[in-house]
Amino acid sequence: MKIFTKKSELKEFLSNQKADGKSIGFVPTMGALHQGHLSLIKRAKEKNDIGVVSIFVNPTQFDNKEDLDKYPKTFDNDVLLLESVNCDVLFFPSVEEIYAENITSEKFDFDGLEHQMEGKFRDGHFDGVGTIVKALFEIVEPDTAYFGRKDFQQLQIIHKLVEKHNIPVKIKGRPIFREEDGLAMSSRNVRLTKEHREAAPFIYKTLKKARKKFGAKSAKELTEWVEKKLKKHPLLELEYFTIADEQTLETATIIEPNKKYRAFIAVFAGDIRLIDNISLKRKH
Ligand code: PAF
């Protein structure tokens, strides 16, 4: 695997590959890689000639300094994992290489997607995500980029980013990877205490129960049911639970036929904020 830290060198390498007719599949990450990331990289490799991964803990998408400082950094292990799935190229730039002197975000209008859910609780988060993903797309110029559906709102925002800015990259969303007990894989999971780690699968269990009740209960009743369940839990604190339209991400009050809905949740397990979501289908 080739490792680049300078954008100019990466660009030169990739433009030679493109000149040889090779397609580029790209997986942007913040490192601390897990099986979810590896599945994206495997997919990128299956569908393209060259698989490129970036590892960059992007400071502008963190609204909380402590979360940024404590974000897990496991570079040596990440390299081993990337080599195990035959990743071709790793881009590992410094903050200066990406932002020079100006560590700030561009301001984006994602047609309101940015004001829902995570946008309400993480100030400026999606401006930071938009800034870095746009910058990385300009550097890598991939044919296709792969993102996990665990960050479903982020995925929809990236679809909107490429659409509104005419960026010629195909965006592919991929399934959520889960631990055996159902907890959605996340780089932040390693920061959970033992007792919070044991408690955390309750989140997905609750989502699955909510999915079963969808259709029989109204969106409001279901939301209240989840809120009550979480309130009773001694170790988990609910930030939000929302049933939203998959396209607009607006909270659904009335469930309309021919629309797709998803339940979204954010929970604190001690200091660690966990998010998850599940697709909802009505039973008739
Ligand atoms: O999902 C992530 O890991 C990050 O938000 C991303 C897309 C790599 C941008 O920093």
Side-chain angles (χ1 to χ4, degrees), residues 7 10 24-41 43-44 51-64 67-75 77-78 81-82 87 89-95 97-99 103-106 108 110 113-114 116-119 121-140 142 144-162 165 167 169-177 184-191 249 264 266 272-277:
K7 3 180 215 197
L10 174 69
I24 313 282
F26 179 42
V27 182
T29 81
M30 298 206 296
L33 302 179
H34 51 66
Q35 290 304 318
H37 294 115
L38 296 188
S39 78
L40 298 177
I41 299 155
R43 185 72 179 178
V52 178
V53 169
S54 61
I55 294 182
F56 181 67
V57 183
N58 173 36
T60 63
Q61 71 187 74
F62 285 80
D63 59 329
N64 174 333
D67 192 27
L68 170 61
D69 292 344
K70 292 196 173 157
Y71 199 83
K73 288 166 196 80
T74 56
F75 183 74
N77 192 49
D78 289 349
L81 288 174
L82 290 172
C87 175
V89 174
L90 168 60
F91 181 43
F92 180 56
S94 65
V95 172
E97 180 68 10
I98 294 292
Y99 285 102
I103 308 179
T104 51
S105 306
E106 200 178 321
F108 290 93
F110 294 122
L113 295 177
E114 73 278 26
Q116 308 298 330
M117 299 180 292
E118 293 298 285
F121 292 92
R122 302 185 69 190
D123 199 24
H125 172 65
F126 289 119
D127 282 334
V129 170
T131 303
I132 187 61
V133 172
K134 187 162 165 269
L136 290 169
F137 282 174
E138 279 161 10
I139 298 165
V140 177
T144 310
Y146 299 84
F147 295 86
R149 292 197 191 102
K150 185 175 85 66
D151 297 297
F152 192 86
Q153 185 172 12
Q154 167 174 281
L155 172 65
Q156 298 302 61
I157 280 178
I158 290 166
H159 276 292
K160 189 64 82 179
L161 172 81
V162 298
H165 293 261
I167 305 171
V169 180
K170 282 197 267 341
I171 304 300
K172 298 282 182 195
R174 302 287 301 155
I176 300 176
F177 259 65
M185 288 191 187
S186 161
S187 303
R188 288 185 177 84
N189 290 353
V190 294
R191 292 186 52 215
L249 302 181
F264 296 86
I272 310 304
R273 190 171 178 279
L274 301 171
I275 60 170
D276 202 347
N277 66 79

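Every number for a ligand or one of its atoms is a count from 1 in the order of the listing.
Here the heavy atom of the protein found nearest to atom 3 (O) of ligand 1 is Met30 CG, 3.7 Å.
Of all the heavy atoms of Ile158, none lies under 4.0 Å from any atom of ligand 1, so neither backbone nor side chain is involved.
Between the Asn189 side chain and the Ala184 main chain, a donor and an acceptor come within less than 3.5 Å of each other. In this structure a side-chain-to-backbone donor-acceptor pair under 3.5 Å is missing from Asp63 to His125.
No side-chain heavy atom of Thr104 sits less than 4.5 Å from a side-chain heavy atom of Tyr99.
Those atoms of ligand 1 that come under 4.0 Å of a heavy atom in Ile132, given as number and element, are 9 (C), 10 (O). Set against the non-hydrogen atoms of Gln61, the atoms of ligand 1 under 4.0 Å away are 4 (C), 5 (O), 9 (C), 10 (O).
A salt bridge links Glu118 and Arg273; the closest N-O separation between the charged side-chain nitrogens and carboxylate oxygens is under 4.0 Å.
Between Gln154 and ligand 1, at least one N/O pair is under 3.5 Å apart.
Atom CG of Asp123 is surrounded by 12 or fewer heavy atoms from other residues, nucleotides or ligands within 6.0 Å.
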